Amino acid sequence: MPRIFSGVQPSGTLHVGNYLGALRQWVATQGDGDALYCIVDLHALTLEIAPDDLRTRTIETAVGLLGAGLDPDLCTVFVQSHVPEHTELTWLLECTATYGELRRMTQFKEKGAGQESVRAGLLTYPVLMAADILVYDAERVPVGDDQRQHLELARTLATRFNGRYGETFVVPEAEIPTVGARVMDLQQPTRKMSKSTATPLGTISMTDPPEEIARKVRKAVTDVDGAVAYDPESKPGVSNLLEMLAAATGGTPEALAGRYSSYGQLKQDLAEALVELLRPVHRRVAELESDPGTVAAILDKGAAKAHELATPVLSRARSAIGLTPRSR
Ligand code: AMP
Ligand code: TRP
């Protein structure tokens with residue numbers, strides 16, 4: 001059984017980019033192996049977030065993952081901070097990574113840009129992410145395209161640690177979908193749809209009601225020339241709509257472009273496709289929202305399973321690096 005691991009930050013409401021780029025794959029492959037899906041609350045602390053918001057969004061994100069179709073009988077859903085092995089392994093990996101490597105990460109440069117003071121955790125963010133993965137001997141990591149560079153670093157750290165201290169970690173592989181891996185903001189189609197930084201009208205939340213989805217798609221930025229063509233460089237707005245439609249209904253964005261002569265029809269079809277795609281998600285989210293006890297119990301059971309898997313891997317790493325054995 002291949003071990004699969006992925007994570008999502010509870011930094012805001014899950015959106016269609018998360019769904020098409022990540023969650024849908026997680027749901028589709030949850031039975032293929034021994035899969036763990038983690039709500040990475042510690043990662044959310046790398047940018048400003050109010051304690052009450054963190055609390056609420058962690059549960060909201062859990063509801064979103066389960067609502068998207070993750071089944072606790074088939075996979076493990078848990079909260080990162082409930083399994084302290086992640087942070088303990090992080091230190092060993094921080095002493096494996098270099099300052100230069102971390103400083104060069106695109107996400108660090110983007111999120112840190114223009115901030116008066118940058119949290120040290122924003123710099124070491126990808127090391128915690130590497131620990132999330134390596135502490136479970138995960139072989140496959142399904143993520144959106146924006147996480148490619150972080151995954152490469154996790155592989156580098158695993159390989160370096162193994163080379164220095166002997167075979168300890170499994171070197172993980174990223175799994176990035178071919179369509180939908182990079183859903184862009186509907187108002188600023190050169191920026192990715194994002195929980196924290198995008199425009200409200202540009203982000204479709206996974207739980208937006210149908211009329212809201214239709215309104216946002218209708219108002220999406222296109223171009224002046226009116227032609228429907230797939231060309232992400234020169235026509236980012238329309239290309240993003242075609243890409244989302246392809247991800248939602250199948251087919252390729254290039255082939256779909258040939259079927260449309262106006263933006264209006266394309267937008268109408270996309271809105272309908274998204275509403276259909278999200279209908280079962282809305283239903284399950286509403287059920288779970290009315291049953292917080294069940295959600296808490298699922299997360300509890302998930303953390304216990306995760307802890308059990310992480311303990312021997314951490315102990316292997318501690319021993320390889322030369323820490324003295326401990327009895328507790
Ligand atoms: P995050 O929202 O950054 O916690 O990301 C959770 C998962 O969703 C990761 O696998 C990301 O790669 C993926 N993801 C986030 N934003 C997008 C987007 N705009 N398009 C496609 N995938 C995304
Ligand atoms: N950094 C990821 C994101 O923002 C979330 C994440 C944290 C993650 N740890 C992970 C994803 C481990 C995959 C594996 O999308």
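For the numbers below, each heavy atom of this structure counts, side chains included, while hydrogens, waters and symmetry mates do not. Start at 1 and go down the list; that is how both ligands and their atoms are numbered. From a predicted model like this one, the values you see are computed outputs, not experimental measurements.
Electrostatic pairing of Glu167 and Arg316 does not count as a salt bridge here, judged by no charged N lying under 4.0 Å from a carboxylate O. For the pair Arg191 and Asp185, the salt-bridge criterion is not met [side-chain N within less than 4.0 Å of a carboxylate O]. Salt bridge absent: Asp41 and Arg57 never bring a charged side-chain N and a carboxylate O closer than 4.0 Å. Between Asp34 and Arg3 there is a salt bridge, since a side-chain N of the basic residue sits under 4.0 Å from a carboxylate O of the acidic one. Taking a cutoff of 4.0 Å between a charged side-chain nitrogen and a carboxylate oxygen, Arg326 and Glu88 qualify as a salt bridge.
Annotation: side-chain contact (heavy atoms from CB on, under 4.5 Å) contacts of Ala22 (sequence neighbours excluded): Trp26.
The distance from atom OG of Ser11 to atom NE2 of His43, rounded to the nearest 0.5 Å, is 11.0 Å. Once rounded to the nearest 0.5 Å, the distance linking CD of Gln80 with CG of Leu45 reads 9.0 Å.
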Check ligand 2 for N or O atoms under 3.5 Å from a protein N or O and list each pair with its distance.
from	atom 1	to	atom 2	distance (Å)
ligand 2	1 (N)	Tyr125	OH	2.6
ligand 2	1 (N)	Gln147	OE1	3.1
ligand 2	4 (O)	Gln9	NE2	3.3
ligand 2	4 (O)	Tyr125	OH	3.0
ligand 2	4 (O)	Gln147	NE2	3.4
ligand 2	9 (N)	Asp132	OD2	2.7
ligand 2	15 (O)	Gln147	NE2	3.2

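With hydrogens left out, the protein atom closest to atom 10 (O) of ligand 1 is Gly144 N, 3.1 Å, a heavy atom. Given atom 22 (N) of ligand 1, the protein heavy atom at minimum distance is Gly17 O, 3.2 Å. With respect to atom 11 (C) of ligand 1, the closest heavy atom belonging to the protein is Asp146 OD1, 3.4 Å.
Any N or O atom pair closer than 3.5 Å counts here, and Val183 shares at least one such pair with ligand 1. Polar contact check, Asp145 against ligand 1: no nitrogen or oxygen pair lies under 3.5 Å apart. Ligand 1 has no nitrogen or oxygen under 3.5 angstrom from a nitrogen or oxygen of Met184. At least one N/O-N/O distance between Asn18 and ligand 1 falls below 3.5 Å. The shortest N or O to N or O distance between Gln9 and ligand 1 is below 3.5 Å.
Under a 4.0 Å criterion applied to the non-hydrogen atoms of Met193, ligand 1 contributes the atoms 16 (N), 18 (C), 19 (N). Close approach to Lys195 involves these atoms of ligand 1, each under 4.0 Å from a residue heavy atom: 1 (P), 2 (O), 4 (O). Atoms of ligand 1 lying under 4.0 Å from at least one heavy atom of Gln147, given by number and element, are 12 (O). Within ligand 1, counting atoms from 1 as listed, the ones closer than 4.0 Å to a heavy atom of Val143 are 10 (O), 12 (O). Set against the non-hydrogen atoms of Gly21, the atoms of ligand 1 under 4.0 Å away are 21 (C), 22 (N).
Ring pair His150/Phe108: centre-to-centre distance not below 6.0 Å.
Using modelled atom types, one finds a donor on one side chain and an acceptor on the other under 3.5 Å when comparing Asp231 with Ser234.
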Next item on the list: Could you walk me through whether Glu243 and Tyr230 pass the side-chain hydrogen bond (donor to acceptor under 3.5 Å, both in side chains) test, one step at a time?
Entry: CA-CA 8 Å; Glu243 178 110 12; Tyr230 183 69; 2.6 Å; yes

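Contact between Ala181 and ligand 1 is present, with at least one heavy atom of the residue lying under 4.0 Å from the ligand.
The closest side-chain heavy-atom distance from Leu14 to Lys195 is below 4.5 Å.
Under a cutoff of 6.0 Å and an axis angle of 45°, Arg164 and Phe161 do not form a cation-pi pair.
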